[in-house]
There are 2 protein chains.
Amino acid sequence: MKASRFFIGTLKEAPADAEIVSHQLMMRAGMIRRVAGGIYDYLPIGLRAIRKVEKIVREEMDAAGALEVLLPAVQPAELWQESGRWEQYGPELLRFKDRHQREFVVGPTHEEVITDVARREIRSYRQLPVNFYQIQTKFRDEIRPRFGVMRGREFIMKDAYSFDRDTDGLKASYQRMYDAYVRIFTRLGLRFRAVEADNGSIGGSGSHEFHVIADTGEDAIAFCPTSDFAANVEAAEALPLLPARGAADAALTKTSTPGRAKCEAVAELLGLPLERTVKSIVLAVDQPGATPDAAVHTQIWMLLLRGDHSLNEVKAFKLPGLGGARFATEAEIVEHFGTPPGYLGPIATRKPVKLLVDRTVARMSDFVCGANEADFHFTGVNWGRDLPEPDVADLRNVVAGDPSPDGRGTIELCRGIEVGHVFQLGTKYSEAMSATYLDEAGKPQPLQMGCYGIGVTRILGAAIEQNYDARGIIWPTSIAPFEVVICPMGYDRSETVRTEADRVYAALLAAGVDVVLDDRGERPGVMFADWELIGVPHRLVIGDRGLKDGKVEYQGRRDAEATLLPVAEADRLLIARLQEARGAAA
Amino acid sequence: MKASRFFIGTLKEAPADAEIVSHQLMMRAGMIRRVAGGIYDYLPIGLRAIRKVEKIVREEMDAAGALEVLLPAVQPAELWQESGRWEQYGPELLRFKDRHQREFVVGPTHEEVITDVARREIRSYRQLPVNFYQIQTKFRDEIRPRFGVMRGREFIMKDAYSFDRDTDGLKASYQRMYDAYVRIFTRLGLRFRAVEADNGSIGGSGSHEFHVIADTGEDAIAFCPTSDFAANVEAAEALPLLPARGAADAALTKTSTPGRAKCEAVAELLGLPLERTVKSIVLAVDQPGATPDAAVHTQIWMLLLRGDHSLNEVKAFKLPGLGGARFATEAEIVEHFGTPPGYLGPIATRKPVKLLVDRTVARMSDFVCGANEADFHFTGVNWGRDLPEPDVADLRNVVAGDPSPDGRGTIELCRGIEVGHVFQLGTKYSEAMSATYLDEAGKPQPLQMGCYGIGVTRILGAAIEQNYDARGIIWPTSIAPFEVVICPMGYDRSETVRTEADRVYAALLAAGVDVVLDDRGERPGVMFADWELIGVPHRLVIGDRGLKDGKVEYQGRRDAEATLLPVAEADRLLIARLQEARGAAA
C-alpha cells in the first residue's frame, strides 16, 4: 500500500471521553471513530487489524474442524421465549417490533438460533460431533458503554457451538476448542492466561476464560507461578489459612470498643493482629410463599470472614440456600440482631439466623467478633465452647500469598482482560428447545452443547493495553495494520531514494509482506510520529545519507536505536526476520 | 475438505413457500434455512459461496483503490434526521429505541454514516479523491419478503462511497467503479449487462444498474444487439415511431362506439389498426396552498399515448409539474371530463386540463380518441386543426422493435436481476449534512459523492436463476462452494480406490484447488445426486473398474457424458483446466 492512496486519520489529541489508553490510542491512530455511545466506525487502519485477527481465528477454527456458518443478526422473539431468556435477559437485549408488530431481538449471542439449527439439521448420532462457528457483529445494549472497543454496544465476536452425543464427547470438543484458543492467542502474539472461570447459573465443571494480561484489566486473576493453576478470582478456590484450630486459651469477654465499627479499628484498639478478628456479613434470601398470594418469607443469613478477607459473592451466591441472595437492609439487621451494622456477631442474636463461616474462620480460636450491641465486641470467642460447631464453606476471595488449591505453590494475583471464554453448556438449551438426536437404538437423546466465544474487536483494545509506549501502539506483527513501513527521506526530491525505496517496497510486496510506503512527502518527524502512533512494528528509513554508504536504517518499534542494514540485503534480511517471527508464533 | 467432516444438509423437497427456482435450490442444497420471513441462516455450503463472492468483490474494490472500512449496523436517528430521510424513508427503515429511549435505526444503507465520516475526516482537497467501501449485513423491513435471498430482509451488501472535489472527479470515480463492476461480474462468471438506470429523485445523468440476465428477473431491460445501448425499461428513452406527421385526410367525426371502452375494441369495431387509436390517462397533482391553512389545489393532467403503448410512470413522474403525481379519482375525472373513464379524450373537456402527449402521438394524424361522452369516440382527429399543437414528452415504455435511442439498431427486451448499482449522488447528502472540504483557496466546497452497491447474497440467487438444470445448481467455478468433488466408488472397501482418491485429493489441495473428497461411504447414486444438487462444477469418479485400465472419469456439471482421464495425469489435467478458466475470467 502506498500511503498517498491510503487514509491516515491520526489525531494529536484523544477526545475527553477516552478514559483508557487503548481507547485513546485507537482514536488517535485513526482506527475508530465514535458514532454513538459504544458504537464505532472502523476506519481503514482499524479494519486492517480486525481482519488479521479474524483470519487467524478462522484458520485455527477451521483447523480444529469447526464449520463456518452465518446466522442472522435479527432473531425472532419466539426462539428466546422457548429458551426462557426472553424473560431472563435484561435490558441489554435489544428488542423491537417489525412493521407487522412481530417481536424480534438484535442478537447479543446465538445459542437459541444455533440450537434451532441443530434440532432441524441433526437427526442421527452419525452426524455427531459437529461444531459450527461464525464471525459476526453482535449488539448488546450496555447501560454504560465505555473504554472504546473494550465494552462497546456493537462489536464483532467469534462464537462457536459444539454438539455431541454425551458428556465425554462434549469434553473432547471442549478440549479441541481450548487447544485452538491457545494456538489463536499465541499466534496473535499476546501474553495471555487460560483461567478457570465461574460457570454462572449453568453449573458443571467446564469453563475457562482466556485473559490478556494487562494492569488495566477489569478482572483479577489468581495464578500459581510454580504450577498450572490459574483462575478468575471470582472462581478461585480459597483454602483455609490455618492448618488446624488452635486451643481455646482465652475467656469469652465482652469488651468495650467505642466507635470501632471496623475490624481494623478494633484490632488496633485491642492491640491484636487483624487476623484475630472476624467480620460479619448479613444476607437475605426472599423465598416466595407456597401460593401466589402467600407472603414472601425472608431467610436471614450471617456469613463470617476473617477481618482481613473479603466476601466472594460469586462463590457465596452459588451455595445451597443462597441462590438469589441480597445484602440485608438495615431494618432487617436491626430486627434480627438488635443493633445496626458495625457490631454484629454470631453470639446472642435477637432472632435466629442461619450461620455460615469461611474455612479459615472455622479454624480460628480466641477470636474477636461483634457483640450485637453498639460499641461492644466479644474477645476470646471459640467454636464448640461459645458457639456450636459452624457450617463451613469457601466464602472469601483469594489473596496473594494464599496456598494454591493444587497444593503446588503460592498464589499471585494479576489483572486480565477477558478475550475468550469456553464453556460446557450441557443440555441447558437442547432440553429447553427439544434439540435431540437419535442414538444407535433409535431413541431421542438431548444434544450435549458447548459454546466458545472470542471478542474480536476487544482483542484490539487488549493488545494495545498490553503493548504501548508514550509514542503510541506497539502491535504484535501478526495483527499490525501494516507489518513494515518504509519511510523514504525526500521521496519527491531524490531519485536515488525513490528508486531504492520503490525497489525495497516491491521486493517486500512480492514476498507477501504487508508493507506501506510513505510517499506522502511529509517531513520525517511527521512520518515517524504517524507510524509510531499507529504502531507499525518494523520501520525502514531510506535516505541519501545512508545510501552513500550503501546502508538503510532498520528500527523495530520497541528498539531504542536503529541498526544499519546493507541496502542490497535490506529486504531479504527483513523478510527472514518476519518469517522467523511467524514460525515462532505458529 | 473431507465430506465426512463437513455438513451436508441436502433435502429431497423444497418447502412450499419457495416460489422460484433459486430459492428452492438453495434450500434443497442446504445453503440456507429460514429463521423468519426474509431472514436466513447460511449453512456451511451457502457461506462458502458467499465468501467467494466477497473475495472477488474485495479484490477488485482494492485494485480500484477503494479503502475498506466497517460502519455500524446500528445508527443514531440524528444522522437520518439531518439528511431528511428519517421522514422520507418508509416503514422499510427499522427504527427502535435503546434502553435510554434514544432513537436508532438498523442500517439499510450507509449514506448518512459515511457522510458523517467524511465531514469529520476530510478537511482538504489534498485528501481527495477517496472511496470507502464495506461488505456488511444490512436490514430492510420489506413488507413482503420473498424469493429467498433475492428479496430478503437481512442481507449482505457491498456498499462504496466516493468523495471528489468536483463533478469531473466524480465522473472519474464513477467510471473506475463501473469498470471494477464489469471486472467483478465477469470474474463471477455471470452473463450480465450494465444498463442505464433511473436516477430516482436525485436527478443527474449518472446511474447504471448491473443485471444478471435471467428469464425470472424482476426487471425488464431494453438493449440493442448491434450497439452498446442497454437500459432498464424504467429509464429507456422511447423515440417517436413515425418519421413525421401525416396529412389530415379525414374529417373529425363523432362516432358511436357502444360498450367499446378499450382502444382494442374501438379499433376492431371501426376496422382500423390499433396504431391509429390514442388512449387517455388522467393524472392529478396535489399542490399545497400558499399558507398551511390554505386549501390544497389539485391540477389535472391528461396524458395521451398510442393505443398499443403503455405509460412509463418513472419517466412521466419526473417531468416538470408531474412530481408527486397520482392517478386521478373517478370523481375528479367526472368533474373535469363530464364522463367516467372509458371514453375520455382531449377535445371538449368540461373543465380545462393540462395536456401532454407522447412523442409518437404528436406525429399521428387522422387518429381516434374518446369524445368525453359514454359510447362515443372521435375519428379523424388531427393536431393543429381539431386541437392546438400539443406539449410533447417521452411518456411511454419502449417495446421490442423500437429504434434504439443511439440510432444504431433495433431494441430487444430481456429480463434481468439487479445485482449492482452505481450512482452519481452529487451533493445531495453533503449539502444536507454540511460535508465540505477546503479548496486551494481555503474556501469550503461541498463534497461530490457517488455510491456503489452490490447485493452479495442476491448474487447467489441470481447466479442460480441463470445456471441450473433439473438436477440442481450449476455454479460458475469462481463461486462454487467447492470447485471439484472426488467421488470414490467404495472408498471404505477398496484400498486401490482409497489410495488413488487420497493421492488425487492431496495433489489438488496442494495446488490450491478447493476440492471435496466424498468419503462418507454413501452409494454412488446418493453421492452424485448430492453434488449435482449442490452444483459442484467438476467431478472425478474413481473406481476399481476404471483403475484397472488406468482411468478415472471426469464430468463437468454441464457435460452430458463423462470423459476418461489417465489416472496418473488426472490431477494435472484438472488443475490446468481450472487455471485456464480462471485466466479467462480474470
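Chain A is the first sequence line, chain B the second, and so forth, proteins listed ahead of strands; every chain is numbered from 1. Computation of the quantities below employed the complete heavy-atom set of this structure, encompassing side-chain atoms and omitting hydrogens, waters and symmetry-equivalent molecules.
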Got a list of the donor-acceptor pairs under 3.5 angstrom between chain A and chain B?
| from | atom 1 | to | atom 2 | distance (Å) |
| --- | --- | --- | --- | --- |
| A:Arg33 | NE | B:Glu121 | OE2 | 2.5 |
| A:Arg33 | NH2 | B:Glu121 | OE1 | 3.2 |
| A:Asp41 | OD2 | B:Arg120 | NH2 | 3.1 |
| A:Tyr42 | N | B:Leu70 | O | 2.7 |
| A:Tyr42 | O | B:Leu70 | N | 3.0 |
| A:Arg51 | NH2 | B:Glu68 | OE2 | 2.8 |
| A:Glu68 | OE2 | B:Arg51 | NH2 | 2.9 |
| A:Leu70 | N | B:Tyr42 | O | 3.0 |
| A:Leu70 | O | B:Tyr42 | N | 2.7 |
| A:Ala73 | N | B:Glu154 | OE1 | 3.2 |
| A:Ala73 | N | B:Glu154 | OE2 | 2.7 |
| A:Val74 | N | B:Glu154 | OE1 | 2.9 |
| A:Asp98 | OD2 | B:Arg153 | NH1 | 2.8 |
| A:Arg99 | N | B:Asp141 | OD2 | 2.8 |
| A:Arg99 | NH1 | B:Asp141 | O | 2.7 |
| A:His100 | NE2 | B:Ile143 | O | 3.1 |
| A:Arg120 | NH2 | B:Asp41 | OD2 | 3.1 |
| A:Glu121 | OE1 | B:Arg33 | NH2 | 3.2 |
| A:Glu121 | OE2 | B:Arg33 | NE | 2.5 |
| A:Asp141 | O | B:Arg99 | NH1 | 2.7 |
| A:Asp141 | OD2 | B:Arg99 | N | 2.8 |
| A:Ile143 | O | B:His100 | NE2 | 3.1 |
| A:Arg153 | NH1 | B:Asp98 | OD2 | 2.9 |
| A:Glu154 | OE1 | B:Ala73 | N | 3.2 |
| A:Glu154 | OE1 | B:Val74 | N | 2.9 |
| A:Glu154 | OE2 | B:Ala73 | N | 2.7 |

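Note: B:Ile39 CD1 to A:Phe104 CZ = 4.5 Å, rounded to the nearest 0.5 Å.
Between chain B and the options A:Val117, A:Val69, A:Val130, A:Ile8, heavy-atom pairs under 4.5 Å are most frequent for A:Val69. The candidate with the highest count of non-hydrogen atom pairs below 4.5 Å against chain B, out of A:Gly30, A:Ala36, A:Ala73, is A:Ala73.
When every heavy atom of A:Ile156 is checked against every heavy atom of B:Leu70, the shortest pair comes out as CD1-CD2, 3.7 Å.
Both the backbone and the side chain of A:Leu43 come within contact range of chain B, each with at least one heavy atom under 4.5 Å from a heavy atom of that chain. Both the backbone and the side chain of A:Leu71 come within less than 4.5 Å of a heavy atom of chain B.
Take A:Phe132 and apply the ring-ring contact (aromatic ring centres under 6.0 Å, His included) test, not counting sequence neighbours, and it matches B:Phe7.
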